[in-house]
Every structure is written in C-alpha cells, then in structure tokens.
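A short worksheet on the structure shown next.
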Amino acid sequence: MRHMKLIAALAVATVSLWVAGCAGPDINNASRGLTVYSGARLLTGDGTVIENAVFVVEDGRFARVGRDDGTLPAGATRVDLGGKTVIPALLDAHSHIGYMKNLTSGPQNYTRENILDHMNRFAYFGVAASMAMGTDFGELPYQLREEMEAGRHPATARFLTTGKGLAPIDEIRPDNMRHSATLVTTAEDARREVRALAARNIKIVKTWVDSRGGTVRKLTPDVYTAIIDEAHKHNMKVAVHATGLADVKALVRAGVDGLAHMVSDVDDELLELLKAHPNVYFTLCFGGPHRLVYAPWIDPPHPLIRETVAPEQIARLQKRLAGTKPDARQRAQAAWDKMARGLARINAAGITIGVGTDGGGQTGDQFVGWTMHTELENMVAAGMTPGQVIVAATRTSARIMGLDDLGMVASGKSADFVVLDANPLDDITNTRRINKVFLRGNEVPRAALAAAWQAQMAQKAAP
C-alpha cells in the first residue's frame with residue numbers, strides 16, 4: 001500500500017510540474033507564430049454561423065476570419081478542423097473562486113494554489129475568464145489579476161475580481177463566503193467603500209438585497225441607492241444578489257446595472273421597468289434552482305465529471321439529490337417553472353441576458369467549470385434557443401465583464417476558442433464534447449490537467 005501511495009505521489013508531482021511549466025510564457029510557439037485553422041463550422045459569438053470557415057491566429061490574436069478560400073499565408077501552419085464546430089471560449093460572469101476544495105469549503109481554502117487550480121478547471125472546460133463576485137479578500141486577488149494581465153498564466157482562464165462585496169451585517173458570518181464582505185450601514189459608509197473599490201480598479205461592485213426567507217435584514221434603499229450613485233460616478237457597475245420581485249423593481253428604479261440571479265417572478269410592471277432601463281442585465285445562476293428536479297449528469301456521472309471531481313464529492317451530491325423529500329421537490333419544481341416562464345418573458349422582451357453559474361459556491365457542490373455547461377443546458381430548458389445561449393455565454397458576457405478582447409471569434413480579438421466534436425446548435429449539451437481549448441492562441445493542456453487531478457485523487461484514496 002505504501003508503494004501504491006508513493007507511485008500516486010510521484011505522479012502528482014511529475015504532472016503538476018509539467019502543468020506548471022505549461023503555465024509559463026513559453027508554453028508553445030502557437031501564440032507567437034501564424035496558424036491557419038480551416039474547415040470548421042464557426043459560431044462567431046454574435047449569432048453568425050460560417051460554414052467551412054477559416055481563421056488566422058497570429059501573436060495570440062485572430063488576424064482574419066471568414067470562409068475558407070484555400071489560400072495559405074506565407075510561413076503559416078494549417079490546422080484542419082473539418083467536421084468540427086468552433087465557438088468562442090465561454091465566459092462566466094458570476095462565480096465564487098477559491099473556496100471549494102473536495103469536501104471542504106471556506107476561507108481556509110482561499111490560497112494561490114487553489115485559486116489557480118480553479119482557473120485551470122475553468123480552462124479545461126472551455127471557459128476563458130470567470131469573475132469572482134464579492135467574496136475575495138486580502139491582496140491575493142489583486143496580485144493574481146495583475147499576473148493574468150501581464151500574461152504570466154497564458155493557458156489558464158483569466159481571474160477577475162469584484163473585490164469585497166458591500167453587505168448588511170446579517171450577511172456577514174465567519175462560516176460563509178461573505179465572511180470578508182465590507183459592512184455598510186449608512187449612505188456615507190456606502191460611498192466611502194465604493195471609492196475604496198474604485199481605487200483598486202474594480203469594475204463591478206457586488207452587494208446583496210435579499211431577506212433570505214426573512215432571516216436577514218436587507219440593505220435599506222438609501223444605502224443601496226448611494227452604492228449605485230457613487231459607483232456610477234466612478235464609471236463602475238453595480239450587480240446585486242436580489243431575487244424578490246419587489247426588491248428587483250426597486251433596484252431597477254434606483255439604477256442598478258445587473259441582477260446576479262434570476263428574479264423569482266416577472267410581471268408586466270417589471271417588464272416595463274426593464275424596457276425603460278435597457279442597460280440592466282441578468283446573469284441567471286440557474287444551477288441551484290434547477291438541479292433538485294433535473295440533474296441527469298450526476299447519476300451516472302458525466303465522463304467530464306469523473307475526470308475532474310473526486311468520487312467522494314460526486315457521492316455527496318448524489319446522496320443530497322436522492323434524499324430530496326417529495327414536498328421539497330414539488331416546491332423546487334414550482335419555483336423552477338415560475339422562473340422559466342419569467343426568463344421566457346424577459347428574453348422575448350430583449351432584456352440583456354449573460355451567463356453566471358455561481359460555481360464554487362459553498363452550498364451544493366457547484367463543480368468549478370462544469371457548472372458552465374449545465375447552466376447553458378438550463379437556459380435552453382427555460383426557453384432560450386441554443387443560438388441565443390451561445391451568444392449570452394460569449395459576446396454578451398464579455399460586455400458585462402468589460403472584456404473587450406473576448407467573446408467573439410473576430411479580427412483583433414484574443415484567440416480564445418473551443419473546438420467541439422459536435423454542433424451545440426443541434427443540442428446545447430454538445431458544448432461538453434470538447435476536442436481542444438485555446439486561450440490567447442495557446443492550447444490548454446487538458447490531458448495533463450486531467451491526469452494531474454486523477455493522480456491527486458489516487459493519492460488521496462491510497463491508504
């Protein structure tokens with residue numbers, strides 16, 4: 001047994017070193033050379049589909065995109081993608097990075113190693129960037145953000161932070177992800193703390209306006225209005241965790257930019273308010289509300305889950321879902337049906353919809369990276385078309401996150417794209433049929449990452 005454990009430990013060390021080497025600036029020459037990718041069906045990210053497409057990647061960016069005319073630029077390498085579908089790399093505008101680690105969740109896991117592991121998981125699943133929403137703390141998130149901007153992790157998904165969220169006292173507890181949120185009780189508090197975030201070059205302020213079933217005293221309107229007003233003075237957006245219909249209406253009237261979750265219900269008045277405030281966006285975070293009634297990917301586990309998630313964590317979620325009582329399942333189904341009807345209405349009204357997963361959250365085993373693909377499936381289940389969902393997960397989410405160089409396969413954009421073995425317009429779950437992932441023109445070493453995670457699981461399992 002000691003021999004088995006030693007072999008597993010050596011495997012972890014060897015593969016981890018290989019992956020760490022790949023994260024350096026010299027991962028390969030593809031990002032610096034000239035490569036022509038041809039023959040694929042290309043979904044550009046804005047709803048356009050190009051059959052038999054060609055796109056040129058030079059110095060980590062798309063240089064030309066269009067139909068394949070058979071020409072090859074001098075000195076270029078051609079890669080044949082015939083029979084494949086290419087989409088822009090996906091974007092997660094709402095996650096909680098660094099907290100989950102196997103069966104544990106909490107600030108004790110918030111380390112450089114764990115955050116980078118999460119960003120590697122996003123990359124493995126074809127996600128180019130993810131934004132941690134209000135649960136970061138200390139200097140580490142800013143250090144990692146600067147490293148990403150400097151190109152130190154070219155084959156890792158980009159880490160974006162909203163810093164510390166601004167919260168009422170009841171939201172702040174030592175055992176939850178809001179343990180480090182900044183307490184605001186007055187309008188003066190709110191303005192001061194928004195200015196502090198602005199000094200950190202934060203682009204989106206996260207706050208909470210939710211009674212959580214009557215257990216939390218919510219931020220008062222004067223406080224959240226001050227947050228919104230001060231943020232806008234500094235060219236910052238405000239995204240709020242709020243699901244109650246009355247709260248969402250009040251926030252829209254106050255000028256909020258984003259709703260971090262889907263509202264529990266939609267009526268005519270809310271639709272009119274949203275139409276009058278066309279810059280408001282939603283990131284839906286459907287995973288938690290839907291999986292109590294629909295999660296076929298966990299039993300049996302999807303192959304991508306088996307490759308990346310520890311067996312004990314899979315078993316825990318299976319047990320949780322199997323143990324859902326009938327009355328709880330009925331309530332969940334009714335809540336989901338209402339939200340799905342609401343999404344259909346806001347989608348038909350042309351309201352901006354991006355993608356957020358809530359991945360990495362402390363409750364419910366939100367598997368990092370994988371939740372992007374279940375979110376896309378849930379959005380289609382709620383009434384959006386696969387084409388609309390792909391746009392939401394790419395171009396729209398890029399705009400929400402302020403990432404001008406991501407979200408589309410277009411000239412001048414960063415060469416972040418996913419090669420799929422099947423067309424997601426036929427079935428949105430085809431986004432899981434990943435052949436290759438490229439970030440900044442670099443191929444993500446998916447096989448090495450999976451091997452490292454498997455070796456870690458084997459080491460942990462060995463007695």
Return yes if a side-chain donor-acceptor contact under 3.5 Å exists between Asp358 and Gln366, otherwise no.
no

So, Asp117 versus Trp453: side-chain donor-acceptor pair below 3.5 Å or not?
yes

Nearest heavy-atom neighbours spanning [X] and [Y]:
X: Leu270; Y: Asp265; result: CD2-O, 4.0 Å
X: Ala155; Y: Asn120; result: O-OD1, 4.5 Å
X: Glu193; Y: Val184; result: CG-CG1, 4.0 Å
X: Thr352; Y: Pro278; result: OG1-O, 4.1 Å

Please check if atom [atom1] in [X] has more than 12 non-hydrogen atoms from other residues, nucleotides or ligands closer than 6.0 Å.
X: Asp267; atom1: CG; answer: yes
X: Asp426; atom1: CG; answer: yes
X: Lys338; atom1: NZ; answer: no

Taking the ring centre of each residue, are His118 and Phe159 less than 6.0 Å apart?
no

Test side chain to side chain donor-acceptor pair (under 3.5 Å) applied to Arg64 - qualifying residues, sequence neighbours left out
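Side chain to side chain donor-acceptor pair (under 3.5 Å) list for Arg64, sorted by chain: empty.
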
Checking salt bridge (Lys or Arg N to Asp or Glu O under 4.0 Å) between Asp405 and each of Arg440, Arg158, Lys413, which is the one that passes?
Arg158

Can you tell if the side chain of Thr431 reaches within under 4.5 Å of the side chain of Ile390, non-hydrogen atoms only?
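SC-SC contact between Thr431 and Ile390 confirmed.
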
Is there side-chain contact between Leu376 and Leu90, with at least one heavy-atom pair below 4.5 Å?
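Yes; the side chains approach each other to less than 4.5 Å.
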
Verify side chain to side chain donor-acceptor pair (under 3.5 Å) between Thr308 and Arg121, making sure each step is shown before the conclusion.
CA-CA 8 Å; Thr308 58; Arg121 290 173 187 273; 4.7 Å; no

Only pairs at least two apart or in different chains count here, so list each salt bridge (charged side-chain N to carboxylate O under 4.0 Å, His left out) that has a residue in residues 341-351.
Asp268-Arg345

Less than 4.0 angstrom from a charged side-chain N to a carboxylate O is my criterion; do Glu307 and Arg432 meet it?
no

Asp421 and Lys84 ion-paired at < 4.0 Å
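Salt bridge flag = yes for Lys84 with Asp421.
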
Quick one: do Asp136 and Arg200 satisfy salt bridge (charged side-chain N to carboxylate O under 4.0 Å, His left out)? Show the steps, please.
CA-CA 13 Å; Asp136 291 326; Arg200 288 287 198 170; over 6 Å; no

Verify ring-ring contact (aromatic ring centres under 6.0 Å, His included) between His302 and Trp370, making sure each step is shown before the conclusion.
CA-CA 10 Å; His302 189 279; Trp370 166 257; 4.9 Å; yes

Students often mix this up, so state it plainly: with edges at 30° and 60°, are the rings of Phe417 and Tyr37 parallel, tilted or perpendicular?
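Aromatic pair Phe417/Tyr37 classed perpendicular.
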
